[in-house]
Amino acid sequence: MKFSKNESRQRRKVRIRKKVNGSSERPRLVVYRSNMHIYAQVIDDMDGITIAATSTLSLAKTQPGLHCNKSGAELVGKEIARMAKDKNITRVVFDRNGYLYHGRVKAVADGAREGGLEF
């Protein structure tokens, strides 16, 4: 049986989420990648709340000319790190959401590390 690209990603996501959980002292940094934008959230799974969230969509309002490429993804990573540090969060677990760890997903992780998050 042949699965589509998105079905394969959803299956990988389920396997990853069995192992990756966010807590209040170490929340989960989730990356979602669409064709137009890239999104990042810091989530506390114990309480079921989103602590911080940003995207190229929200950053484009303040930075015209921002696109969903590697440089835009790196800015999203730096911004989510800044937002998390404002709420006294320095350590997170990275959830790539079933995507392969390269390209824009890796750029978000590198930007977050550069912004001061540890994972």
Side-chain angles (χ1 to χ4, degrees):
M1 181 191 276
K2 190 103 167 138
F3 294 105
S4 70
K5 187 184 265 190
N6 196 39
E7 287 171 334
S8 297
R9 183 185 74 82
Q10 291 294 336
R11 291 165 66 90
R12 283 192 302 270
K13 178 181 174 177
V14 169
R15 286 196 306 267
I16 291 168
R17 287 289 286 124
K18 285 180 191 173
K19 300 170 192 155
V20 176
N21 266 326
S23 61
S24 55
E25 60 271 355
R26 194 164 178 185
R28 181 169 53 104
L29 171 61
V30 188
V31 175
Y32 176 72
R33 191 187 70 179
S34 73
N35 286 339
M36 294 292 289
H37 297 285
I38 192 149
Y39 305 83
Q41 292 182 343
V42 176
I43 299 173
D44 178 3
D45 289 320
M46 297 299 184
D47 295 333
I49 58 169
T50 300
I51 299 167
T54 189
S55 66
T56 52
L57 182 64
S58 63
L59 290 177
K61 294 174 185 170
T62 58
Q63 299 176 357
L66 181 69
H67 298 291
C68 184
N69 51 19
K70 283 186 190 178
S71 61
E74 193 170 338
L75 285 175
V76 168
K78 288 178 184 174
E79 179 66 14
I80 198 72
R82 185 194 63 76
M83 293 170 88
K85 292 195 71 140
D86 287 347
K87 299 195 176 172
N88 295 324
I89 296 168
T90 55
R91 293 172 49 90
V92 295
V93 290
F94 188 70
D95 182 3
R96 59 189 174 90
N97 215 1
Y99 299 110
L100 297 178
Y101 186 79
H102 72 97
R104 292 179 286 168
V105 175
K106 185 173 187 267
V108 171
D110 292 343
R113 280 191 190 102
E114 199 173 306
L117 287 182
E118 295 176 26
F119 51 91

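Start at 1 with the first residue, then count along the sequence.
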*Taking atom CG of L75 and atom OG of S55, what is their separation to the nearest 0.5 Å?*
12.0 Å
*Of all the heavy-atom pairs spanning R12 and G98, show the shortest one and how long it is.*
NE-O, 2.7 Å
*Name all residues meeting the salt bridge (Lys or Arg N to Asp or Glu O under 4.0 Å) criterion together with K106; count only those two or more places apart in sequence or in a different chain, and write none if there are none.*
D110
_Contacts of S71 that satisfy side chain to side chain donor-acceptor pair (under 3.5 Å) - sequence neighbours left out_ = N69
*Minimum heavy-atom separation for G116 to K85, with atom names?*
O-NZ, 3.9 Å
*Side chain of R82, backbone of G115: donor and acceptor closer than 3.5 Å?*
no
*side-chain contact (heavy atoms from CB on, under 4.5 Å) partners for T54, two or more places apart*: S58, L59, V76, E79, I80, M83
*Under the side-chain contact (heavy atoms from CB on, under 4.5 Å) test, which residues partner K78, sequence neighbours left out?*
E74, E114
*Compare every heavy atom of L66 with every heavy atom of A60, then report the nearest pair and how far apart it is.*
N-CD2, 3.9 Å
*What heavy-atom pair brings F119 and A109 nearest, and what distance separates the two atoms?*
CZ-O, 3.5 Å
*Just jot down the side chain to side chain donor-acceptor pair (under 3.5 Å) partners of S24, sequence neighbours excluded, or say none.*
none
*Can you pull the side chain to side chain donor-acceptor pair (under 3.5 Å) pairs that have at least one residue in residues 30-42, sequence neighbours excluded?*
H37-T56
_Evaluate V108 against R104 for side chain to side chain contact (heavy atoms under 4.5 Å, CB included), listing each step before the verdict._
CA-CA 6 Å; V108 171; R104 292 179 286 168; 5.7 Å; no
*Return yes if some donor-acceptor pair links the side-chain N/O of K87 with the main-chain N/O of I51 below 3.5 Å, else return no.*
yes
*Just grab all the salt bridge (charged side-chain N to carboxylate O under 4.0 Å, His left out) pairs involving residues 35-45, residues at least two apart or on different chains.*
R17-D45, R28-D45
*Under the salt bridge (Lys or Arg N to Asp or Glu O under 4.0 Å) test, which residues partner E7, sequence neighbours left out?*
none
*asked:* Suppose clustering is done on Ile, Leu, Val, Met, Phe, Trp and Tyr with side-chain heavy atoms closer than 4.5 Å. Which residues sit in the same group as V30?
replied: I43
*Report yes if some heavy atom in the side chain of V105 is under 4.5 Å from a heavy atom in the side chain of L100; otherwise report no.*
no
*Indicate if Y99 and Y101 have the same hydrophobic cluster label, given that clusters are the connected sets of ILVMFWY residues with side-chain heavy-atom separations under 4.5 angstrom.*
yes
*For the residue pair A107 and A73, what are the closest heavy atoms and their distance?*
CB-CB, 3.9 Å
*Those residues that, when tested against N88, pass side-chain contact (heavy atoms from CB on, under 4.5 Å) (two or more places apart)*: none
*Shared-cluster residues of V20, by chain and number - hydrophobic side chains joined below 4.5 Å*: I16, V93
*Given side chain to side chain contact (heavy atoms under 4.5 Å, CB included), test R9 with N97 step by step and report yes or no.*
CA-CA 8 Å; R9 183 185 74 82; N97 215 1; 3.9 Å; yes
*For R91, which residues count as a salt bridge (Lys or Arg N to Asp or Glu O under 4.0 Å) partner, sequence neighbours excluded?*
E118
